[in-house]
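Only a predicted model underlies this, so the values are computations on that prediction, with no experimental measurement involved. Just so we're on the same page: letters track the sequence lines, and every chain starts at 1.
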Amino acid sequence: MVGMSFLRTAAAFTARLNPLKRTCQASNLLSRTVARSEQVVVRHGSHGKRMFIIKPTDFYDRRFLHLLKYYIILAGIPMAALVTFVNVFIGESELAEIPEGYEPEHWEYYKHPITRWIARTFYDSPVKDYEKMMALIQIEAEKAEMRQLQLEVRRHMREKGDGPWFQIQTLDKNLIDHSPKSSPDN
Amino acid sequence: MPKDHDKDVYPEPPSRTPVEDRQSSLPNPALILSKLFYYSVDLPVTTFRDIVEGIQSGKKSHYYHQKFRRVPELTQCQEGDYVCYYEAEMQWRRDYKVDQEIVKVIQERLRACQQREGPSYSQNCYKELQQFEQVSKAFQSRYGDLGAYASARKCLMKQKERMMAEQQQA
C-alpha cells in the first residue's frame, strides 16, 4: 500500500517533468491523472474503423484443429455409413434354441453381424484356441517331465557307474609300452 | 370364538382398481404429458422401427448360447496333469462368470421390487430380500476376497481354510 502511493507520487513527478512524452506511458496509467483525449463522434459507412488487433498467433492451434477434424471425418463418415447400412439392411440376429443334432459354427454365437463377420473371417474358433492352448501345455509338460527324467538318470549313472554316461575314456591297454619294466635288471 | 373386528371401521382396500370418476373440468396434466410423449417420441420411434423391420423382413439369422460340457474339477485331477488343471481352471472361470450374473439378476429383482414398493419395501419385498441375502452371503463365502487374479487353486485353498475353520469351531 505504501509502495503504491510511492509509485503514484513518482508517476506524477515524471508526468510533470516531461509533459511532451505523455501518451502510452506506464506511469500515465499509474497516476490518477489520465490525459484527457477529445472524443469525436465519427460515423463510418462500414463496421467501424479497421483495427489491427495484436494478439499471439493462433495459426498452429487452428491448423491442428482443422487437421484433426479433417482426419477424423475422413475415416469417420465411411465407417458411420457402413455401420448404419449394416444395422438397417442386415440387422442383428435373433436368439434361438440350438436345434437337435446341429453344431453351430463358432461365429453363430454372436449377435451383431459385424462381430459375426470378424469372428468368421479373422478369428479362430474358441474351441480351436482351447485345443491349441492344451497342446502347448502338453508339450511343456512333456518337456518338464523329460528334464526331470534326465536329472534322475544322471544321478543313477553317476552313482552306479555302469551306464554310458560319465565314462571317461582311457587309453587302450595294448598301447602301453611295457619295455622299461619288462626286465628287472634294466 | 371372539368377534372379528368391525369391518366398517377398518374397511379392506378394494380388490380391483376403481374406475376413475372425474368431478373437475380442469385438464389432466398426466394425460397431456403422456399424449405429448406419445406423439413426440413413441410414434416416430415405432414407425422408424417398423420401416427398418420391413426392410429386414425374412432371412433372419440366429445366434445361440454356447453349451459347455462338464470336465473333471481341480480336485479330481491327478497331480502334475497340467492339461487337466487347465480344463478345470477354464471351467471354474466360466462358473465364476455365471455366478456373477446370478448375483446381478437377484440384485436386479430386489431393485425392481424396491422401486415398485416404495417406502414399505422392507416389509413387502421380504422374499426378495431373503433371497438376495442368502445369495450374496454364499457368493462372498465362496468367491469373496479372491481378488483380480482369482483362480481355481486359490478358490480351492479358500474352501480348505473355510472347512478348517468350521472344523475348529465344531
Using a cut-off of 6.0 Å, state whether more than 12 heavy atoms not belonging to [X] lie near its atom [atom1].
{"X": "Tyr60(A)", "atom1": "OH", "answer": "no"}
{"X": "Tyr130(A)", "atom1": "OH", "answer": "yes"}
{"X": "Gln168(B)", "atom1": "CD", "answer": "no"}
{"X": "Arg162(B)", "atom1": "CZ", "answer": "yes"}
{"X": "Glu53(B)", "atom1": "CD", "answer": "yes"}
{"X": "Arg154(A)", "atom1": "CZ", "answer": "no"}
{"X": "Gln115(B)", "atom1": "CD", "answer": "no"}
{"X": "Ile168(A)", "atom1": "CD1", "answer": "no"}

Going through the distances and angles, do Tyr82(B) and Glu140(A) end up as a side chain to side chain contact (heavy atoms under 4.5 Å, CB included)?
-> CA-CA 9 Å; Tyr82(B) 295 103; Glu140(A) 291 297 316; over 6 Å; no
Should [X] and [Y] count as side-chain neighbours, where that means a heavy-atom distance under 4.5 Å?
{"X": "Tyr64(B)", "Y": "Ser93(A)", "answer": "no"}
{"X": "His65(B)", "Y": "Leu95(A)", "answer": "yes"}
{"X": "Ser61(B)", "Y": "Arg116(A)", "answer": "yes"}
{"X": "Met134(A)", "Y": "Tyr86(B)", "answer": "yes"}

Just how far is it from atom NE2 of His62(B) to atom CD of Glu94(A), taken to the nearest 0.5 Å?
-> 6.5 Å
Turns out that what part of Glu145(A) lies under 4.5 Å from chain B's heavy atoms comes down to neither
Relative to chain B, which segment of Ile90(A) carries a heavy atom at a distance below 4.5 Å: side chain, backbone, both, or neither?
-> backbone
Check [X] against [Y] and note the closest heavy-atom contact, atom names and distance.
{"X": "Lys67(B)", "Y": "Glu97(A)", "value": "NZ-OE1, 4.4 Å"}
{"X": "Val83(B)", "Y": "Ile137(A)", "value": "N-CG2, 3.9 Å"}
{"X": "Val88(A)", "Y": "Ile55(B)", "value": "CG1-CD1, 4.0 Å"}

Heavy-atom pair count under 4.5 Å with chain B, highest-scoring of Ala135(A), Ala144(A), Pro113(A), Ala96(A) | Ala96(A)
Region of Glu87(B) in contact with chain A, defined by heavy-atom distances below 4.5 Å | both
Does anything in residues 101-115 of chain A pair up under side-chain hydrogen bond (donor to acceptor under 3.5 Å, both in side chains), and if so which pairs, sequence neighbours excluded?
-> Asn87(A)-His112(A), Tyr102(A)-Glu108(A)
